Amino acid sequence: MTDKIMYQPQEDEEIPLEMNKAKTGFSWQVVFTGLMFFYMYLPILVLTFYSFNEATYSTNWEGFTLKWYSQLFEDGRIIRALENSLVVAFASVAISAVLGTMMAVGLAKYRFPGKTLYRGISYLPLIVPDIAIAVATLVFLAVIGTRLSLWTIVAAHVVFCLAYVAIVVSSRIANLDPNLEEAALDLGATPTQAFLKVLLPELTPAIVAGCLLSFVLSLDDFLIASFTAGTGATTLPMEIFSRIRTGVKPDINALSVLLILGSGIIAFIAEYIRYQGEKKRFQ
């Protein structure tokens with residue numbers, strides 16, 4: 001038997017970079033990633049810190065308090081604006097879930113003239129600036145003589161929520177086995193039964209993930225809502241903007257922290273549902 005000879009570099013031999021990284025556990029990618037996340041989340045940490053500040057206008061720390069959080073739930077304007085935002089978000093997401101799923105399935109399963117052009121136009125709201133969508137929607141509503149209200153905001157939000165739901169569902173359809181639905185049809189199922197019992201359960205994780213993403217985007221939108229809102233149809237971002245024009249107060253800091261936490265929880269749920277769907281598919 002021959003003994004295993006371990007590699008040992010000579011004194012004048014240069015140690016390979018990979019061995020040096022493994023030995024020290026240091027990598028410039030780790031440092032760069034850490035600095036990037038620090039730069040991204042430092043403002044959020046500062047915002048969170050000052051939401052517990054006793055001072056009203058001063059940036060100096062004057063003591064820890066929770067009164068700004070309790071004050072939010074006693075503010076009638078904030079509550080009404082939150083209710084309006086939730087109505088807009090739920091309504092636009094519900095409409096977009098149905099239309100977006102139908103659009104994604106139609107583009108994936110059927111062939112018709114102008115299909116490529118239609119797909120490009122359908123996903124156009126993803127790349128068109130919000131200001132262009134807002135102005136176009138406002139001009140269109142003025143031409144058809146529609147009075148601005150909370151529901152005109154819903155109609156405007158459906159435009160971009162529809163595209164987000166459709167693109168998430170389309171990516172899911174691309175990874176499905178097309179023989180599943182064909183097998184159901186061969187076994188005697190009608191096209192409607194095959195869609196409801198075979199295709200729709202497979203698409204549910206993507207539909208839910210797309211709806212949660214659209215919900216966060218609709219809840220966060222300010223520009224489109226401000227162009228299409230009527231009298232009394234003030235959403236939460238619009239209310240926040242109207243208050244910070246005279247300076248950022250601690251109650252707005254507290255509200256921002258709650259919105260960040262809510263958005264993070266929704267994003268986590270969407271990612272968890274997507275992960276469970278992918279895990280189930282590969283089992």
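Worth saying up front: this structure is predicted, and the values here are computed from it rather than measured. For the single chain, residues carry numbers from 1 onward in sequence order.
Using a 4.0 Å cut-off between charged nitrogen and carboxylate oxygen, Glu54 and Lys67 count as a salt-bridge pair. Using a 4.0 Å cut-off between a side-chain N of Lys or Arg and a carboxylate O of Asp or Glu, Arg243 and Asp75 qualify as a salt bridge.
For the pair Pro125 and Ile133, the minimum side-chain heavy-atom distance is below 4.5 Å. Residues Val257 and Ile44 form no side-chain contact, since every pair of their non-hydrogen atoms from C-beta on lies 4.5 Å or further apart. Contact check for Ile260 versus Leu47: side-chain heavy atoms found under the 4.5 Å cut-off. Within the 4.5 Å cutoff, side-chain heavy atoms of Ile269 are placed close to those of Ile265. A 4.5 Å side-chain heavy-atom check between Val87 and Trp151 finds at least one atom pair inside the cut-off. The side-chain heavy atoms of Tyr123 and Leu107, taken from C-beta on, include a pair separated by under 4.5 Å. You'll find the side chain of Ile224 reaches within 4.5 Å of the side chain of Asp221, heavy atoms only. Residues Leu259 and Leu236 have side chains in contact (heavy-atom distance under 4.5 Å, counting atoms from C-beta outward).
Going from atom CZ of Phe215 over to atom CG of Asp220 covers 11.5 Å, rounded to the nearest 0.5 Å. Residue His157 holds its NE2 atom at 14.0 Å from CG of Leu162, rounded to the nearest 0.5 Å.
In this structure, Trp68 contributes its side chain and Asn53 its backbone to a donor-acceptor pair below 3.5 Å. The backbone N or O of Leu200 sits less than 3.5 Å from a side-chain atom of Thr204, completing a donor-acceptor pair. In this structure a side-chain-to-backbone donor-acceptor pair under 3.5 Å is missing from Glu202 to Leu199. Of the possible donor and acceptor atoms, one in the side chain of Ser242 sits under 3.5 Å from a partner among the backbone N and O of Glu239. For Ser214 (side chain) and Cys211 (main-chain N/O), no donor-acceptor pair under 3.5 Å exists by modelled atom type. Judged by distance alone, the side chain of Asn175 and the main-chain N or O of Ser171 form a donor-acceptor pair under 3.5 Å. The backbone N or O of Thr234 sits less than 3.5 Å from a side-chain atom of Asn84, completing a donor-acceptor pair.
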Give the intermediate values and the outcome of side-chain contact (heavy atoms from CB on, under 4.5 Å) for residues Val105 and Leu203.
-> CA-CA 10 Å; Val105 173; Leu203 297 179; 3.9 Å; yes

Residue pair Phe52, Thr65: steps toward the side-chain contact (heavy atoms from CB on, under 4.5 Å) verdict = CA-CA 5 Å; Phe52 299 104; Thr65 182; 5.7 Å; no

Can you list the steps and then say if Ile127 with Leu124 is a side-chain contact (heavy atoms from CB on, under 4.5 Å)?
-> CA-CA 6 Å; Ile127 58 176; Leu124 203 59; 3.9 Å; yes

Given side-chain contact (heavy atoms from CB on, under 4.5 Å), test Ile240 with Ile244 step by step and report yes or no.
-> CA-CA 6 Å; Ile240 294 175; Ile244 64 174; 4.2 Å; yes

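Atom CZ of Phe64 has more than 12 heavy atoms from other residues, nucleotides or ligands within 6.0 Å.
Counting side-chain heavy-atom gaps under 4.5 Å among Ile, Leu, Val, Met, Phe, Trp and Tyr, the cluster of Leu223 also holds Ile131, Val135, Leu138, Val139, Phe140, Leu141, Val143, Ile144, Leu148, Phe227. Its side chain within the 4.5 Å cluster rule, Ile121 clusters with Leu117 among the Ile, Leu, Val, Met, Phe, Trp and Tyr residues.
The heavy-atom pair separating Ala89 from Ser92 by the smallest distance is O-OG, 3.1 Å.
Evaluation of the salt bridge (Lys or Arg N to Asp or Glu O under 4.0 Å) test over residues 111-121, restricted to residues two or more places apart or in two chains, returns none.
A donor and an acceptor atom, one from each side chain of Ser218 and Tyr164, are nowhere located under 3.5 Å apart.
Criterion: ILVMFWY side-chain heavy atoms under 4.5 Å apart, direct or through other members. Under it, Tyr41 and Phe49 are part of a common hydrophobic cluster.
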